[in-house]
Amino acid sequence: MSSNETTIRDSNFELLRIILISMIICLHYFKYGGALHTLTPSDSNYCFAYGLESLFIIAVDCFILITGYYQINGKFKFKKIIDLWAQVIFYSVTISSIFWFTGLESVNTSTILQAFFPVITGTYWFVTVYIVLYLFSPFINVAIQNINKKDHKKLILVSAVFFVILPSINFTYFTDDIGYSLYNFFFLYCVGAYIKKYDFPVKNLTYFLFGYLVCSFLVFSGVTFIRTFSGTPEYFFTDPWNYNFIFVELGAFCLFMVFKNIKIQSPTINFIATSVFGTYLISNHPFVLDVLYSGILHCADYYYSSLFVRHMLFSGLSVLVSCLIIDFFRQKLFLLLSKLIPKSMLFSFSKIFRNIFRDQKFD
C-alpha cells in the first residue's frame, strides 16, 4: 500500500488503490460494526451488506497483484522498508498512546509490545506479511526472470492448486490460513508478475468487469447458502469470504485487469494515493477498530433501519477523508524530521542489506 515514490505513478493503479482502501474501510464497517454477525437473509438490509462485502472482499488480493506487477521489474529498496516501518511505528505508538492517556485502553505488557513492535507482533497482519514478501521479492524475481512463459504458467497453476483451489473446497492440509499468509501473497505476486512480464492481452474491458461482478455474485451466493443451511456447506467448500477462495482470487484478477487498461494521468489522484497506506494504518489499528464502529459511529443502531445505507456511506466517507487529512500532516512531519536525521545513519543500514543481497537490484 505504500506509495512514497519519487517517480511518476500510473494514475489508473493509484485510483484503484484509493478505491481499494475505501473498500477495506467499508469491510470494517460491516465486520466491526456487527452487521455481518447480526443480519440474516430475511432482513431488509441483508442484501446490501452482504452484497457489498462480497464485492469488496477482493481488496487485499488486488493490492498484492499491484505489488507483483510493479516489483517484478523493480529494485529492492531498503529505504522502502525504513519508510514502511517508520510509518507503522509512528501510528502504532501515537494511536496507542492516545488511547492509554485517555483511559480508553489499559497499559500492560501485551499492548506495549504491540505498540512498539507492531510488525513483529502482527498488530497489522497485512504489513507483517507484506514486509516478508518484499524481503523475499529479490529471490522470487530471480526465479521468475529465469523461467520461460510456459514454466511461469506452470508455477501459477501449481500454486493455484495448493494455495487456492484445494483450500476453497476445504482441503486445508497444505494451508488453512484463509489467505492471510505468505502462501496467498506469493501466488498473487506471481500472477501480477506474469501480467507485467507478458503484457496479458485485453480485447474488451467489459468481459473483465462482468467477470468481477459474476465472481462477486458467486461469493455472495455461497455465503448466503452457508448462512441459510448452516452445518452442511463446510463439507463442500470453505467460507467464500476467505481471501484465498477461488472466486475472490478471480474477482481480484478481473478488477485488476479493468484498471490496468484504463489510461489516465492525474496529479490529484497520485497525491491522494500517497496517503493510502497511512489511511490503512489509522483505520485498522486494533484500538480504533474496537471503538470507532461501535462507540463512535454506533453502527448497531442502523442494522434494521432504512438509514442503514446512508449511514454506511457517510461513515465510510468520513473515515476515509479524516484519515487522508491526518496522513497529510504526518507526511509534513516526516519531511521535516527527514532533514534532521543524518544520512550516514541510513547509509549504514542500507550498506548491510546491500552486502546481503549483493547480486540483486538495489536503489
Is there a chain of hydrophobic side chains (I, L, V, M, F, W, Y, each step under 4.5 Å between heavy atoms) that links [X] to [Y]?
X: I112; Y: I95; value: yes
X: M257; Y: Y207; value: no
X: L333; Y: V88; value: yes
X: L104; Y: V93; value: yes
X: I98; Y: Y91; value: no

Of all the heavy-atom pairs spanning [X] and [Y], show the shortest one and how long it is.
X: P118; Y: S92; answer: CB-OG, 3.7 Å
X: V119; Y: T128; answer: O-OG1, 2.7 Å
X: T121; Y: T123; answer: OG1-OG1, 3.2 Å
X: C62; Y: L20; answer: CB-CD1, 3.4 Å
X: P240; Y: V219; answer: O-CG1, 3.5 Å
X: S275; Y: Q331; answer: OG-NE2, 2.9 Å

By the side chain to side chain donor-acceptor pair (under 3.5 Å) test, which pairs, at least two apart or in different chains, include something from residues 32-42?
T40-S42, T40-D43
From [atom1] ([X]) to [atom2] ([Y]), nearest 0.5 Å:
X: L52; Y: C47; atom1: CG; atom2: SG; result: 11.0 Å
X: N45; Y: L307; atom1: CG; atom2: CG; result: 9.5 Å
X: R227; Y: Y46; atom1: CZ; atom2: OH; result: 6.5 Å
X: C190; Y: I140; atom1: SG; atom2: CD1; result: 6.0 Å
X: F247; Y: L218; atom1: CZ; atom2: CG; result: 5.0 Å
X: I282; Y: I326; atom1: CD1; atom2: CD1; result: 4.5 Å

F187 vs I156, test: side chain to side chain contact (heavy atoms under 4.5 Å, CB included). Steps then yes/no.
CA-CA 7 Å; F187 165 72; I156 292 175; 3.9 Å; yes
Under a 4.5 Å cut-off applied to non-hydrogen side-chain atoms, are [X] and [Y] in contact?
X: K77; Y: D83; answer: no
X: L155; Y: Y194; answer: no
X: F126; Y: N284; answer: no
X: F287; Y: V291; answer: no
X: F56; Y: I24; answer: no
X: S181; Y: V129; answer: no
X: V60; Y: W125; answer: yes
X: F277; Y: V127; answer: yes

[X]: what forms a ring-ring contact (aromatic ring centres under 6.0 Å, His included) with it, not counting sequence neighbours?
X: Y134; value: F76
X: F90; value: F334
X: Y69; value: F13, F256
X: Y293; value: none

Counting only heavy atoms not in [X], do more than 12 sit closer than 6.0 Å to its [atom1] atom?
X: F314; atom1: CZ; answer: no
X: Y198; atom1: OH; answer: yes
X: K197; atom1: NZ; answer: yes
X: K263; atom1: NZ; answer: yes

Can you tell me how the ring of [X] sits relative to the ring of [Y], calling it parallel under 30°, perpendicular over 60° and tilted otherwise?
X: F253; Y: F208; result: perpendicular
X: F163; Y: F186; result: perpendicular
X: H311; Y: Y29; result: tilted
X: Y124; Y: Y280; result: tilted

Give a yes or no answer on whether the side chain of [X] reaches the backbone of [Y] with a donor-acceptor pair at less than 3.5 Å.
X: T279; Y: L320; answer: no
X: T274; Y: F271; answer: yes
X: Y212; Y: L55; answer: yes
X: D10; Y: N12; answer: no
X: N184; Y: I178; answer: no
X: S221; Y: F217; answer: yes
X: R17; Y: A273; answer: yes
X: Q145; Y: I72; answer: yes
X: S283; Y: I25; answer: no

Please test Y180 against Y243 for ring-ring contact (aromatic ring centres under 6.0 Å, His included), starting from the C-alpha separation and ending with a verdict.
CA-CA 7 Å; Y180 281 70; Y243 291 144; 4.8 Å; yes
Once salt bridge (Lys or Arg N to Asp or Glu O under 4.0 Å) is applied, do any residues pair with D327, and if so which ones, sequence neighbours excluded?
R330
Go through the side-chain N and O atoms of T111 and E105 and say whether any donor and acceptor fall under 3.5 Å apart.
no
Donor-acceptor side-chain pairing of S96 and Q114 below 3.5 angstrom:
no
Flag the pair D199 and K260 as a salt bridge only when some basic side-chain nitrogen lies within less than 4.0 angstrom of an acidic carboxylate oxygen.
yes
So Y189 and N141, side chain to side chain contact (heavy atoms under 4.5 Å, CB included) or not? Walk me through it.
CA-CA 10 Å; Y189 186 99; N141 290 349; 2.7 Å; yes
Side chain to side chain contact (heavy atoms under 4.5 Å, CB included) evaluation trace for D61 with L65:
CA-CA 6 Å; D61 287 354; L65 286 173; 5.5 Å; no
Let's go through M23 and L255 carefully: what are the C-alpha distance in whole Å and the side-chain angles of both, what is the deciding distance for side chain to side chain contact (heavy atoms under 4.5 Å, CB included) to 0.1 Å, and is it a yes or a no?
CA-CA 13 Å; M23 289 180 171; L255 187 62; 4.1 Å; yes
